Trainee: 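Take this structure, written in structure tokens, and hold onto it; I'll ask about it next.
Remember, predicted model here, so these are calculated numbers, not experimental data. Atoms within each ligand, like the ligands themselves, are counted from 1 in listed order.
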Amino acid sequence: MKILGLSFSPREKGNTEILMDAVLAGAGELGAETELYRTADKRIEPCDACGCCFTTGECPIGDDMQGLYLKMLEADGILFGTPVYFYNMTAQGKTVIDRTIALNHGGRSLSSKVGAVVAVAGSLGLVDALKDLYFYMVTRQMLPASYIAAYGSNRGDVKDFDKCMQASAELGRKMVKIIKKKFVYPDGKANYMAFGTHTF
Ligand SMILES: Cc1cc2nc3c(=O)[nH]c(=O)nc-3n(C[C@H](O)[C@H](O)[C@H](O)COP(=O)(O)O)c2cc1C
């Protein structure tokens, strides 16, 4: 069982990653193979709306997102972690999310993967970051396990909140327990598009 932690924080080993490490450690206790992947260290270009993935099923941009697609598809669970920047997830986060439109095609899908979110803010914006990542998971037909919402400004602030650190480890364990249930959506790995009257 693999759980991938996608850090959208530019600050290495900052508050977001401290909590993500705790989640992944909790998952590791129950036997999951875990990886923390720092998107800020990678070359990941924004989606340029070329539309190629709609016809070929592949994104033609030759950057680190190609490796990340494979990691996301291989994972049984994906933990998204972001600090709040201007009342929402970071630009690194939104860039990765946009590029995953290529996973709507070519028979690829994040369907039935277990998800979770860690968000950290100095003061305002946690709800927007959380709800956007939650809605993303729901529309990808992922199963959200839960989230951690924490306040912290300076690197390491979140370590002062024992309860938060413990809840993070518990979230990791919960992800593993849900993955073990092997839930699969009725339409399995089929391409999933939500219905809206605007789409037809
Ligand atoms: C460019 C920038 C924008 C930020 N915008 C917000 C914000 O809108 N609301 C907020 O509460 N904190 C904001 N912060 C503070 C960070 O969310 C906070 O320092 C957080 O602990 C950083 O997490 P990290 O250590 O994982 O990088 C901002 C920080 C930066 C650098």
Side-chain angles (χ1 to χ4, degrees), residues 2-29 32-48 63-65 67-68 71-72 75 77-100 110 113-140 142 144-176:
K2 288 186 181 174
I3 298 187
L4 174 67
L6 277 187
S7 168
F8 298 149
S9 175
R11 185 153 70 172
E12 192 168 12
K13 297 290 166 213
N15 294 317
T16 307
E17 290 180 10
I18 288 166
L19 295 176
M20 293 181 77
D21 280 343
V23 176
L24 296 178
E29 276 170 31
E33 186 186 320
T34 65
E35 178 182 357
L36 184 83
Y37 183 99
R38 282 187 37 78
T39 56
D41 295 343
K42 306 294 187 304
R43 188 172 71 82
I44 300 178
E45 304 292 330
C47 173
D48 60 7
D63 61 4
D64 291 324
M65 192 68 208
L68 184 51
K71 283 182 186 290
M72 292 179 82
I78 302 176
L79 169 67
F80 300 96
T82 189
V84 169
Y85 278 14
F86 283 89
Y87 318 107
N88 213 307
M89 72 182 85
T90 58
Q92 286 82 358
K94 190 59 167 58
T95 301
V96 168
I97 294 295
D98 289 351
R99 289 286 299 281
T100 62
L110 299 179
K113 295 183 190 296
V114 172
V117 180
V118 165
V120 183
S123 59
L124 284 177
L126 279 172
V127 171
D128 289 291
L130 288 169
K131 77 173 166 42
D132 287 357
L133 285 167
Y134 250 67
F135 192 64
Y136 172 77
M137 289 193 283
V138 169
T139 62
R140 297 309 88 199
M142 293 175 68
S146 195
Y147 64 85
I148 300 291
Y151 289 109
S153 293
N154 298 318
R155 186 188 262 126
D157 278 354
V158 291
K159 283 186 189 159
D160 295 338
F161 300 107
D162 279 349
K163 223 172 161 179
C164 185
M165 298 298 295
Q166 285 164 22
S168 299
E170 186 52 37
L171 175 56
R173 291 189 286 268
K174 188 174 175 187
M175 288 180 81
V176 172

Trainee: After noting the C-alpha distance and the side-chain angles of L68 and K42, does the key distance pass the side chain to side chain contact (heavy atoms under 4.5 Å, CB included) rule?
Mentor: CA-CA 10 Å; L68 184 51; K42 306 294 187 304; over 6 Å; no
Trainee: Do Q92 and I44 have side-chain heavy atoms sitting under 4.5 Å apart?
Mentor: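 They are not in contact (no side-chain heavy atoms under 4.5 Å apart), so the answer is no.
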Trainee: Are side-chain heavy atoms of L19 and C164 found at a separation under 4.5 Å?
Mentor: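 Contact flag for L19/C164 side chains = yes.
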Trainee: Report all side-chain donor-acceptor pairs from residues 120-133 shorter than 3.5 Å, counting only partners two or more places apart or in another chain.
Mentor:
from: D128; atom 1: OD1; to: K131; atom 2: NZ; distance (Å): 3.2
from: D132; atom 1: OD2; to: N88; atom 2: ND2; distance (Å): 2.8

Trainee: List ligand 1's nitrogen or oxygen atoms that come under 3.5 Å of a protein nitrogen or oxygen, with the partner atom and distance.
Mentor:
from: ligand 1; atom 1: 5 (N); to: V84; atom 2: O; distance (Å): 3.4
from: ligand 1; atom 1: 5 (N); to: F86; atom 2: N; distance (Å): 3.0
from: ligand 1; atom 1: 8 (O); to: F86; atom 2: N; distance (Å): 3.0
from: ligand 1; atom 1: 8 (O); to: Y87; atom 2: N; distance (Å): 2.9
from: ligand 1; atom 1: 9 (N); to: L124; atom 2: O; distance (Å): 2.6
from: ligand 1; atom 1: 11 (O); to: G122; atom 2: N; distance (Å): 3.0
from: ligand 1; atom 1: 11 (O); to: S123; atom 2: N; distance (Å): 2.5
from: ligand 1; atom 1: 11 (O); to: L124; atom 2: N; distance (Å): 2.7
from: ligand 1; atom 1: 11 (O); to: L124; atom 2: O; distance (Å): 3.1
from: ligand 1; atom 1: 12 (N); to: G122; atom 2: N; distance (Å): 3.2
from: ligand 1; atom 1: 14 (N); to: V84; atom 2: O; distance (Å): 3.2
from: ligand 1; atom 1: 17 (O); to: V84; atom 2: O; distance (Å): 2.8
from: ligand 1; atom 1: 19 (O); to: S153; atom 2: O; distance (Å): 3.0
from: ligand 1; atom 1: 21 (O); to: N15; atom 2: ND2; distance (Å): 2.9
from: ligand 1; atom 1: 21 (O); to: G152; atom 2: O; distance (Å): 2.6
from: ligand 1; atom 1: 25 (O); to: R11; atom 2: NE; distance (Å): 2.8
from: ligand 1; atom 1: 25 (O); to: R11; atom 2: NH2; distance (Å): 2.9
from: ligand 1; atom 1: 25 (O); to: N15; atom 2: N; distance (Å): 2.8
from: ligand 1; atom 1: 26 (O); to: S9; atom 2: OG; distance (Å): 3.4
from: ligand 1; atom 1: 26 (O); to: N15; atom 2: N; distance (Å): 3.3
from: ligand 1; atom 1: 26 (O); to: T16; atom 2: N; distance (Å): 2.8
from: ligand 1; atom 1: 26 (O); to: T16; atom 2: OG1; distance (Å): 2.6
from: ligand 1; atom 1: 27 (O); to: S9; atom 2: OG; distance (Å): 2.9

Trainee: Using distance only, find each side-chain donor-acceptor pair of residues 5-12 under 3.5 Å and give its atom names and separation, not counting sequence neighbours.
Mentor:
from: S7; atom 1: OG; to: S9; atom 2: N; distance (Å): 3.2
from: S7; atom 1: OG; to: E17; atom 2: OE2; distance (Å): 2.6
from: S9; atom 1: OG; to: R11; atom 2: N; distance (Å): 3.0
from: S9; atom 1: OG; to: R11; atom 2: O; distance (Å): 3.3
from: R11; atom 1: NH2; to: S153; atom 2: O; distance (Å): 2.6

Trainee: Quick one: which residue pairs count as a salt bridge (charged side-chain N to carboxylate O under 4.0 Å, His left out) with a foot in residues 85-97, not counting sequence neighbours?
Mentor: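 Residue pairs with at least one partner in residues 85-97: K94-D98.
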